[in-house]
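So you know, we letter chains A, B, ... as the sequences are listed, proteins then strands, and number each from 1.
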Amino acid sequence: MLNTLLSGDYPRSRILTGVLLAIVLGLAFAPFLFSGAAAINTAAKVCIFIVLVASYDLLLGYTGIVSFAHTMFFGIGGYGVGLGLYAFGASWGVLALGILLALLVGVVLAFLIGLLSLRVRAIFYAMITLAVASAFLILATQFSEYTGGEDGRSFSVPQVLRPGYRLLDQPVFGTVINGRVLAYYLVFAMAVTLFLLALRVVNSPFGRVLQAIRENDMRAEALGYRVVYYRTVANCLAAGMAVLAGAMSAIWLRYTGPDTTLSFAIMLDILLMVVIGGMGTLYGAVVGATLFIVAQNYLQKLMGTASAATEGLPLLPKLLHPDRWLLLLGILFVLSVYFFPTGIVGRLRGKSG
Amino acid sequence: MTAAPAPASPSDTLPAIRHDYLPILLPVALSALALPFVGNPTTWVTLTVAALAMGMMIFVIASGLTLVFGLMDVLNFGHGAFIAVGAYIALSVLALLSGWVQADSLLWNLMALGLAVTVAMVGTGLLGLAFERVIVRPVYGQHLKQILITMGGLIVAEQLIHVIWGGDQKAMALPAALRGAVVIGEVAIERFRILTVAVGLVVFAAMLIVLNRTRIGLLIRAGVENAEMVEALGYRIRRLFVGVFAVGSALAGLGGVLWALYRETLTAAIGGDVMVLVFIVIIIGGLGSVGGCFIGAILVAMMANYTAFLLPKVALASNILLMVAILMWRPQGLYPVAKR
């Protein structure tokens, strides 16, 4: 059972197993364990980013493709759901249609970009995706009559997922089961399903070919695998998964806009999460995303305290200013590319075996 | 070396290099094509001059990047950091020299600007040396890691700018004598744009002279063609590369100063906006080619300016189309560099 679910890809480290179990249990019971809107928001964001980062890892860690257009697909998912619900009202049919259309657009776009630029070397692909993603961001903000421009769009979700909805009259373990909790569990279920699916993909023969391409594309080609074909399919798969992550984000936030889905800052966040968590290990996506988002929310407070404590010393308070949390993570990123390119997960696995 | 006589060649002179003039016609054709769409010739001249000025800035920034890539196969995604740092250093220097900047005399203004640019270039050049040593050197030959780590360097550099200069948007005032426009006939041309075009042309000319007429230039060109062979002949390509990296960073700093003055505002993310255009330019021009980079920069800037006037919503998207069109015509860019 477990073997089938995890596709035979166990964490292979005692500490890692413990960490992952803690994360999964924490996410599964988040509405009951933590009180307050901030905590459940953080948990939902972790779920969304686990999917997004795992899909990016499919590209970066498993296939060796550097793409800077991943937020574009994330945005397509968000806008697909968001604009659909905004224009045609909150019903499950519209939601499903929005997701389907977004998937179609995302996958076709990924296919086209892949066809045009995956034949060339990694460095070209990185530059071209960067350019395409910025153009997409600008288009999305410029056509404001359709997309809401910089402000984005707020919309309602189906009745069952609204905060006002009550599933049960009585609270369960002190938590009212309202629409928000249901929406959280929808996001959580999607995250678990997509993550297990991604595990299935990377541990399939197809996934092995991707890893062969990452290690040596010439040799993979010589063995008879059509590298362009595999890269393009991986690109489309990752794009589709990112679109679904975008849809999850839209369902949870009931808002979609350039800053939450399309901005380059998010692309950098994804990059940091993948690398710090561990490239080429999907569990790295879980660890990286959780660590990053918790840091984003709680490291700042810690730094605020540290900054106040070092008041009077030169430069230190400025370096420890709460807004500079990205500086610390950036340094961690550079160091992890140097010293442990397999990230936290690779580190933990290396120790155990 | 002594034994084998050189095979007798049919003629003593080397065969002349066939010059490829076709790409040079592209900017001319593009501007001619834009004329009927823009309609008004006065507007067209203004737009074209603006495009030339912008193209020069992009060229100054992109030229170092493309040479660094051609020489050592290193693509620095952190190049944008030098743009921002250069601009911020100039901001500080100009603030110190505010008396010179506000004086209504072109000479004092230019001296202030020249000093600011010099300090900025020295600063970014030194930063480039440090960046090369710390960030780039450990990951030679590994493209994936290069992209990641230079991106990381960019994040750290941007955050450090916040630490040093503060995170708010700064105003970057032009020196007094460079504000406003010169009116020739009916056409108004901003003074700063003329200065920018002049600076860009000087940089381009200097680069061509160094690359084509000096020994170092010869080595750089040889290195772009075949680095291993240059090394085998006993030259330290590494040192050459470090030098080019530093000069490229300094040029990015110069470009950053110009760009910030052109926009008249400055944030730490200023590099990011330009870098997208810079990447398009070096892809269009052919990675490693200075001439291609020059033409590519003008093309991209023209496209950006004309479409910004005609169809403001699709300005950047039009440049993607331009890139796709050129890559369909010449998949390796306008001037493909031999080894790639």
Student: Looking at A133(A), G330(A), A135(A), S336(A), which one has more heavy-atom pairs under 4.5 Å with chain B than the rest?
Tutor: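 If we count pairs closer than 4.5 Å to chain B, A135(A) comes out on top.
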Student: Under 4.5 Å between any side-chain heavy atoms of V334(A) and V134(B), yes or no?
Tutor: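 A side-chain contact under 4.5 Å is absent here.
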Student: Tell me if the CZ atom of F111(A) is crowded by more than 12 foreign heavy atoms within 6.0 Å.
Tutor: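 Open: at most 12 neighbouring heavy atoms sit under 6.0 Å from CZ of F111(A).
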Student: Heavy-atom count around R238(B) CZ within 6.0 Å, excluding the residue itself: above 12?
Tutor: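 Enclosed: over 12 neighbouring heavy atoms sit under 6.0 Å from CZ of R238(B).
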Student: I need the minimum non-hydrogen distance between A131(A) and V276(B), along with the two atoms involved.
Tutor: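 Reported closest heavy-atom pair: CA-CG1, 3.9 Å.
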Student: Decide yes or no for I282(B) and M127(A): does some side-chain heavy atom of the first lie under 4.5 Å from some side-chain heavy atom of the second?
Tutor: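 Answer yes - side chains close enough.
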Student: Using a 6.0 Å cut-off, check whether atom CD of E228(B) has over 12 heavy atoms from anything other than its own residue.
Tutor: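 Counting neighbours around CD of E228(B), 12 or fewer heavy atoms of other residues, nucleotides or ligands fall under 6.0 Å, so no.
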Student: I need the residue from V275(A), L327(A), L272(A), T141(A) with the largest number of non-hydrogen atom pairs under 4.5 Å to chain B.
Tutor: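 Heavy-atom pairs under 4.5 Å are most numerous for L327(A).
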Student: Taking every heavy-atom pair that is under 4.5 Å apart, which of L154(B), V139(B), I280(B), I283(B) has the most such pairs with chain A?
Tutor: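 Max contact count across the listed options: I283(B).
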Student: Under 4.5 Å from any heavy atom of chain A, what part of Q146(B) do you find: side chain, backbone, both or neither?
Tutor: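 For Q146(B), the side chain is the part near chain A, not the backbone.
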Student: Within the 4.5 Å heavy-atom criterion, are Q159(B) and I331(A) side-chain neighbours or not?
Tutor: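 They are not in contact (no side-chain heavy atoms under 4.5 Å apart), so the answer is no.
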Student: Under 4.5 Å from any heavy atom of chain A, what part of L75(B) do you find: side chain, backbone, both or neither?
Tutor: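 Its backbone and side chain both get close to chain A.
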Student: With sequence neighbours excluded, tell me which residues meet ring-ring contact (aromatic ring centres under 6.0 Å, His included) with F333(A).
Tutor: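 Partners of F333(A) by the ring-ring contact (aromatic ring centres under 6.0 Å, His included) criterion come out as none, since no residue qualifies.
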Student: Between I135(B), L144(B), L148(B), which is the residue that forms a side-chain contact (heavy atoms from CB on, under 4.5 Å) with V337(A)?
Tutor: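 Single side-chain contact (heavy atoms from CB on, under 4.5 Å) partner of V337(A) among I135(B), L144(B), L148(B): L148(B).
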Student: Counting only heavy atoms closer than 4.5 Å, note whether F264(A) contacts chain B via side chain, backbone, both or neither.
Tutor: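 Contact with chain B is through the side chain of F264(A) alone.
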Student: Any chance CD of Q169(B) has more than 12 other-residue heavy atoms, nucleotides or ligands included, within less than 6.0 Å?
Tutor: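 Count over threshold, so yes.
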Student: Name the member of L130(A), L332(A), L326(A) that forms the most heavy-atom pairs with chain B at distances under 4.5 Å.
Tutor: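 So the answer, after comparing L130(A), L332(A), L326(A), is L326(A).
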Student: Surrounding CZ of F37(B) (heavy atoms of other residues, nucleotides or ligands, distance under 6.0 Å), is the total greater than 12?
Tutor: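 12 or below, so no.
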Student: I'd like to know whether CZ of R137(B) has more than 12 heavy-atom contacts from other residues, nucleotides or ligands below 6.0 angstrom.
Tutor: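 Yes, CZ of R137(B) has more than 12 neighbouring heavy atoms, counting only those of other groups under 6.0 Å.
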Student: Measure distances from M275(B) to the heavy atoms of chain A and classify the residue's part below 4.5 Å as side chain, backbone, both or neither.
Tutor: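 No part of it gets close to chain A.
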Student: Measure from the ring center of F68(A) to the ring center of F279(B) and say whether it is less than 6.0 Å.
Tutor: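 No, ring centres 6.0 Å or more apart.
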Student: Among all residues two or more places apart in sequence or in another chain, which pass the salt bridge (charged side-chain N to carboxylate O under 4.0 Å, His left out) test with R330(B)?
Tutor: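 Per chain and number, R330(B) pairs via salt bridge (charged side-chain N to carboxylate O under 4.0 Å, His left out) with D20(B).
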